[in-house]
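This report refers to the structure that appears directly beneath it.
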Amino acid sequence: MRLVVERGVPQEERKVALGNLTDWDAARVFLEVVRCGSFRSAAERLELSINGVRRRIDDFERQIGTTLFTRDVHGTRLTDEGSLVVSAVERMEAASFDLLRAGNSVTSTLSGEVRVAVTEGLGTFWLAPRLVEFQQSYPNILVDLHCEMRSADVSRHEADIAIHLSRPAALDVKLVRLGRMHLMCFASQKYIETYGAPRTVAELVKHRLVMQVADQTAAKETFENWFPGYSQRDLLVMKTNVSSANYWAVAYGAGIGVFPTYASALGGKIIPLEVELRRPFDIWLSYHPGNSRIPRVRHMIDWLIEAFNPAKFPWFKDEFIHPSELKAVYKGESLTHLFGGFSTEGR
């Protein structure tokens with residue numbers, strides 16, 4: 001039994017209330033009947049009974065408030081209103097396919113830009129060298145890694161994701177405590193050979209000190225707590241606002257500096273000192289709640305949480321672990337190549 005279009009229906013009767021449609025499955029059955037040319041063929045293709053197909057068509061007609069087919073001794077005919085509905089349902093089908101394709105595209109080839117704000121030291125020495133892992137998994141995502149010691153405010157859209165060394169005060173952001181960073185005193189082998197290695201605070205104040213001064217390092221507060229009664233002019237031979245300059249100055253023997261315990265694990269050319277001066281900083285990740293629904297941002301959030309996982313990277317545990325003990329408790333692949341600096345071989 002083939003379907004034909006019935007002509008001659010007055011124009012005012014052709015209005016179709018598609019706004020009442022609540023069942024896409026019934027619309028899909030309708031479209032299949034039209035394409036197959038009969039209820040029987042559509043039922044066979046859909047693996048439904050003929051009565052099941054008819055019930056779906058009856059439901060569909062009730063939802064949109066119009067008759068789609070007429071049935072008489074000559075067979076089943078598609079009305080003019082039915083023809084209008086065919087066009088509308090085909091557009092719905094095309095839109096659903098576009099949605100599926102978009103979803104598949106998001107899943108397989110995530111793209112776009114993700115802005116990550118992080119403190120300069122963590123960004124330079126911990127995240128940047130390891131981002132190749134993320135890039136290999138998501139090669140079409142552009143990572144804008146903004147390294148600055150000023151804390152970024154994700155609630156004001158200064159970044160999609162931010163990493164801080166103090167808990168953000170904003171109430172309308174999502175927070176994840178990533179772990180804890182432990183600072184202690186280090187010096188280069190060259191410096192120790194020249195000036196010796198202090199073991200107490202009383203000995204330390206007689207040495208040459210290098211300090212990074214930046215908002216999130218709480219440098220002024222740390223200095224005053226560690227060296228009460230002394231001014232920075234009394235002890236410092238150099239201060240800088242960036243971690244990289246601070247590291248290279250100490251690595252080449254300018255003086256004693258303060259660094260995270262993971263500096264040794266990354267292959268830094270500096271030696272931990274036994275002076276009992278330590279400063280912990282909790283590491284926080286913040287993001288706007290809406291951003292987590294953006295797939296590329298969600299993947300970056302998940303990657304960052306894993307990048308600071310204390311179970312995997314013990315130097316981010318709450319308890320202090322001396323650098324000399326990290327080799328025994330760290331079970332992952334060696335990370336000493338990440339702190340290589342600039343090679344001079346072959347020059």
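Computed from a predicted model, the values in this text were never measured in an experiment.
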Taking a hydrophobic cluster as the set of Ile, Leu, Val, Met, Phe, Trp and Tyr residues connected by side-chain heavy atoms closer than 4.5 Å, whether directly or through intermediates, do [X] and [Y] fall within one such cluster?
{"X": "Leu266", "Y": "Leu178", "answer": "yes"}
{"X": "Trp284", "Y": "Phe316", "answer": "no"}
{"X": "Ile256", "Y": "Phe227", "answer": "yes"}
{"X": "Leu175", "Y": "Leu165", "answer": "no"}
{"X": "Phe281", "Y": "Leu326", "answer": "yes"}

What is the distance from atom [atom1] of [X] to atom [atom2] of [Y], rounded to the nearest 0.5 Å?
{"X": "Glu274", "Y": "Thr200", "atom1": "CD", "atom2": "OG1", "value": "12.0 Å"}
{"X": "Tyr195", "Y": "Ile192", "atom1": "OH", "atom2": "CD1", "value": "13.0 Å"}
{"X": "Leu84", "Y": "Thr66", "atom1": "CG", "atom2": "OG1", "value": "8.5 Å"}
{"X": "Ser292", "Y": "Met300", "atom1": "OG", "atom2": "CE", "value": "15.0 Å"}
{"X": "Leu122", "Y": "Leu304", "atom1": "CG", "atom2": "CG", "value": "11.0 Å"}
{"X": "Trp303", "Y": "Tyr138", "atom1": "CH2", "atom2": "OH", "value": "11.5 Å"}

Does the side chain of [Y] come within less than 4.5 Å of [X]'s, by heavy atoms?
{"X": "Glu90", "Y": "Leu31", "result": "yes"}
{"X": "His164", "Y": "Ser286", "result": "yes"}
{"X": "Thr222", "Y": "Asn225", "result": "no"}
{"X": "Ile141", "Y": "Val114", "result": "yes"}
{"X": "Arg45", "Y": "Arg35", "result": "no"}
{"X": "Val173", "Y": "Tyr287", "result": "no"}
{"X": "Ile161", "Y": "Val297", "result": "yes"}
{"X": "Trp315", "Y": "Pro260", "result": "no"}

Does the pair [X]/[Y] count as a salt bridge with the N-to-O cut at 4.0 Å?
{"X": "Glu276", "Y": "Arg278", "result": "yes"}
{"X": "Glu32", "Y": "Arg28", "result": "no"}
{"X": "Arg279", "Y": "Glu221", "result": "yes"}
{"X": "Asp58", "Y": "Arg54", "result": "no"}

Donor-acceptor contact below 3.5 Å, side chain [X] vs main chain [Y]:
{"X": "Arg296", "Y": "Glu113", "result": "yes"}
{"X": "Trp126", "Y": "Ala307", "result": "yes"}
{"X": "Gln135", "Y": "Leu131", "result": "no"}
{"X": "Thr79", "Y": "Thr67", "result": "yes"}

At their closest point, which heavy atom of [X] faces which heavy atom of [Y], and how far apart are they?
{"X": "Phe259", "Y": "Ile270", "result": "CD1-CD1, 3.7 Å"}
{"X": "Leu145", "Y": "Gly123", "result": "CD2-O, 4.0 Å"}
{"X": "Gln136", "Y": "Pro139", "result": "O-CD, 4.0 Å"}
{"X": "Glu158", "Y": "Asp153", "result": "OE1-N, 2.7 Å"}
{"X": "Tyr230", "Y": "Phe223", "result": "O-CE2, 3.4 Å"}
{"X": "Ala311", "Y": "Asn309", "result": "N-OD1, 3.0 Å"}

Discussion item. Pair Arg56, Asp59 - check salt bridge (Lys or Arg N to Asp or Glu O under 4.0 Å), show working.
Written reply: CA-CA 5 Å; Arg56 296 292 180 86; Asp59 290 342; 5.5 Å; no

Report all side-chain donor-acceptor pairs from residues 179-190 shorter than 3.5 Å, counting only partners two or more places apart or in another chain.
| unit_1 | atom_1 | unit_2 | atom_2 | d |
| --- | --- | --- | --- | --- |
| Arg180 | NE | Asp282 | OD1 | 2.7 |
| Arg180 | NH1 | Asp318 | O | 3.4 |
| Arg180 | NH2 | Asp282 | OD1 | 3.2 |
| His182 | NE2 | Lys317 | O | 2.7 |
| His182 | NE2 | Asp318 | O | 3.4 |
| His182 | NE2 | Glu319 | O | 3.4 |
| Ser188 | OG | Tyr191 | N | 3.0 |
| Gln189 | NE2 | Glu193 | OE2 | 3.4 |

Worksheet entry | side-chain contact (heavy atoms from CB on, under 4.5 Å) between Ile321 and Tyr330, intermediate numbers included | CA-CA 11 Å; Ile321 301 176; Tyr330 174 60; over 6 Å; no

Discussion item. Working note: Lys312 + Glu306, criterion side-chain contact (heavy atoms from CB on, under 4.5 Å); need CA distance, chi angles, decisive distance, verdict.
Written reply: CA-CA 8 Å; Lys312 187 175 181 180; Glu306 185 61 22; 3.7 Å; yes

Discussion item. Using the rule given for side-chain contact (heavy atoms from CB on, under 4.5 Å), can you reason through Phe30 versus Leu78, listing the C-alpha separation, both sets of side-chain angles and the distance that settles it, and then say yes or no?
Written reply: CA-CA 11 Å; Phe30 163 74; Leu78 187 66; 4.1 Å; yes

Practice prompt. Test side-chain contact (heavy atoms from CB on, under 4.5 Å) on Val33 and Phe69 and set out the steps.
Written response: CA-CA 11 Å; Val33 171; Phe69 301 104; 3.9 Å; yes

Worksheet item: Yes or no on side chain to side chain donor-acceptor pair (under 3.5 Å) for Ser231 and Asp234, after CA distance, side-chain angles and deciding distance?
Response: CA-CA 5 Å; Ser231 70; Asp234 294 330; 3.1 Å; yes

Fill in: Working for salt bridge (Lys or Arg N to Asp or Glu O under 4.0 Å), residues Glu224 and Lys220
CA-CA 6 Å; Glu224 291 173 352; Lys220 183 175 183 294; 2.7 Å; yes

